[in-house]
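The structure appears below as structure tokens.
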There are 2 protein chains.
Amino acid sequence: MTDRTDAPRSRRERPAKPALTRTGIVSAAIAILRAEGLQKVTMRRLAQELDTGPASLYVYVRNTAELHAAVLDELLGTVGPAPTEGDWRERLERVLTAYTAMLFEHPTLARSALTARPSGPNYLNLIETLLALLAEGEVPPAQAALGVDLLLLHATATAAEHGADSAPDEDWDALRRTVEGISERTHPHIAALADVLLSTEDPQGRLSWGFRTLIAGIERNAVAD
Amino acid sequence: MTDRTDAPRSRRERPAKPALTRTGIVSAAIAILRAEGLQKVTMRRLAQELDTGPASLYVYVRNTAELHAAVLDELLGTVGPAPTEGDWRERLERVLTAYTAMLFEHPTLARSALTARPSGPNYLNLIETLLALLAEGEVPPAQAALGVDLLLLHATATAAEHGADSAPDEDWDALRRTVEGISERTHPHIAALADVLLSTEDPQGRLSWGFRTLIAGIERNAVAD
DNA sequence: ACCTGAACACCGTTCAAGT
DNA sequence: ACCTGAACACCGTTCAAGT
């Protein structure tokens, strides 16, 4: 029994505990996200980081989902402005790629974005940019509106899918074994296409193909009235 | 101190506690899913239902993600066979719609399907069906393989998005307010398209438009080598 | 081999009480 | 008004021990 005084030792570290604000909370959340991933961005952990109790955060943030949405919108500011060079299709693809790249770094965030769509300023700017590009391509307005939804959903879903938190390759390995062991009799098409279906190379190319395919479809597929 | 014998009273209820099996676990999981949603399909709740401790389940199931994947594959058996009438495009859309409808009933399951892709027999059958239909439409094989991915990802993501577990309309209301209050100066395209962007009517039509758009793109957009 | 009690290390959210 | 301690009602997963 050496030294029984486990008094507030941490007091020295964080000297002038800053007042809580919504922005302060969000940036603390981003710091944790960057350092340890979204799964650690919990009310409790965040409160600990801010030297308070979890209950205090509920003054500024309705719940965990809202917190995650705020984090995403903040990160959206990172994506950067629309490119000015090249065909509208090229520029559109570039914007979407930038958005996807950001989400690829935080796949769990992408997953949460699927359910809690952000509504912050940066998200609005992104939508405006995409609509402007489609307008430049003379895509009819109604088609463009649905198209933006489609493009953003695809980008978000691709990032979310990529983000296997836990065992990334384990269930993928299972799929590979199943596909490779498949009977040509019962599943001729899968057997014939096993390579392509399982190919994991050139994800950039896949993503790009996806966007171009969507854009081609959006250009052509009129909205019924 | 009345009666100190709190002996196994539940013994009477569940008379011949059945032996644990993987299939038994999965169907108990589906029962809970149907009755109370995926968020209640936890190891602990499931164990309770099966009259055992959570640790016992780990003999048959690696973790929660794997359990969810097994549940999804089981439910995939519900979707039914490929339709035989109509244009290949129509039939393709019908299969996808059936798959999506199933996921719409369990949106949280869709969300988990995004990360833990199932690899069970029913999933394989679905892929085979889709590939066959694209082959019938004379879509080149490589394009078809990527296309199936694209279509399934879209269907799954649409269902996942739809599944706001908690407050479904709350952040959507926030989005609506933001969009309606937007400046025509800074965001002219959004302002002009507010109706379409916020329109929530005819989700069937939206989904259908999405599938047709994807199919149109897939038909046209060759895979670069 | 299969099963389990108990523990470890966490969660979100609420609420009554304090400042 | 803002902040908080403490509680409520849960989680997933592991591990040593039992049968």
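Labels below follow one simple rule: chain letters A, B, ... track the order of the sequence lines, proteins then strands, and each chain is numbered from 1.
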Between [options], which nucleotide has the shortest distance from any of its atoms to the side chain of [X]?
| X | options | answer |
| --- | --- | --- |
| B:Ala55 | D:dC15, D:dT13, C:dT13 | D:dC15 |
| A:Thr42 | C:dC3, C:dG12, D:dC3 | C:dG12 |
| B:Tyr58 | D:dT13, C:dC3, D:dC11 | D:dT13 |
| B:Arg44 | D:dT13, D:dC2, C:dT4 | D:dT13 |
| A:Met43 | D:dG12, C:dT13, D:dC3 | C:dT13 |

- Item | Distance below 4.0 Å between A:Thr52 side-chain N/O and D:dC3 OP1 or OP2 |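 No, A:Thr52 has no side-chain N/O under 4.0 Å of OP1/OP2 on D:dC3.
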- If we call it a pair only when both distances are under 3.5 Å in a Watson-Crick or G-U wobble match, what pairs with C:dG12? D:dC8
- Message: Suppose we define a pair by two distances each less than 3.5 Å, Watson-Crick or G-U wobble; what does C:dT19 pair with here?
- Response: D:dA1
Round to the nearest Å and state the distance from [X] atom [atom1] to [N] atom [atom2].
| X | N | atom1 | atom2 | value |
| --- | --- | --- | --- | --- |
| A:Leu50 | D:dT4 | CG | C1' | 14 Å |
| B:Leu57 | C:dA1 | CG | P | 20 Å |
| A:Gln48 | D:dT4 | CD | P | 15 Å |
| B:Gln39 | C:dC11 | CD | C1' | 15 Å |
| A:Arg45 | C:dG12 | CZ | P | 12 Å |
| B:Glu66 | D:dG12 | CD | C1' | 15 Å |
| B:His68 | D:dC11 | NE2 | P | 12 Å |
| B:Arg62 | D:dG12 | CZ | C1' | 16 Å |

- Note on the structure: Result for 5'-nearest mapping on DNA chain C, choosing between B:Tyr60 and A:Val41, is B:Tyr60
- Message: Regarding B:Ser56, tell me which of base, sugar-phosphate or nothing describes its non-hydrogen contacts under 4.0 Å with the strands shown.
- Response: base
- Task: Between C:dA9 and D:dA9, how far apart are the P atoms? Round to whole Å, please.
- Result: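 These two P atoms come out 24 Å apart once rounded.
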- Task: Inspect the surroundings of CD in A:Glu184 and state if more than 12 heavy atoms from other residues, nucleotides or ligands are less than 6.0 Å away.
- Result: no
- For B:Gln204, does the CD atom have more than 12 heavy-atom neighbours from other residues, nucleotides or ligands under 6.0 Å away? no
- With distance as the sole criterion, is a donor-acceptor pair present between the side chains of A:Glu93 and A:Ser208 under 3.5 Å?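 Looking only at side-chain atoms, A:Ser208 and A:Glu93 do form a donor-acceptor pair, the distance falling under 3.5 Å.
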- Query: Between the main-chain N or O of A:Asp195 and the side-chain N or O of A:Ser199, is there a donor-acceptor pair closer than 3.5 Å?
  - Reply: no
- Item | Main-chain N/O of A:Leu20 paired to A:Tyr60 side chain as donor or acceptor, under 3.5 Å |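 Yes, A:Tyr60 side chain to A:Leu20 backbone: donor-acceptor pair under 3.5 Å.
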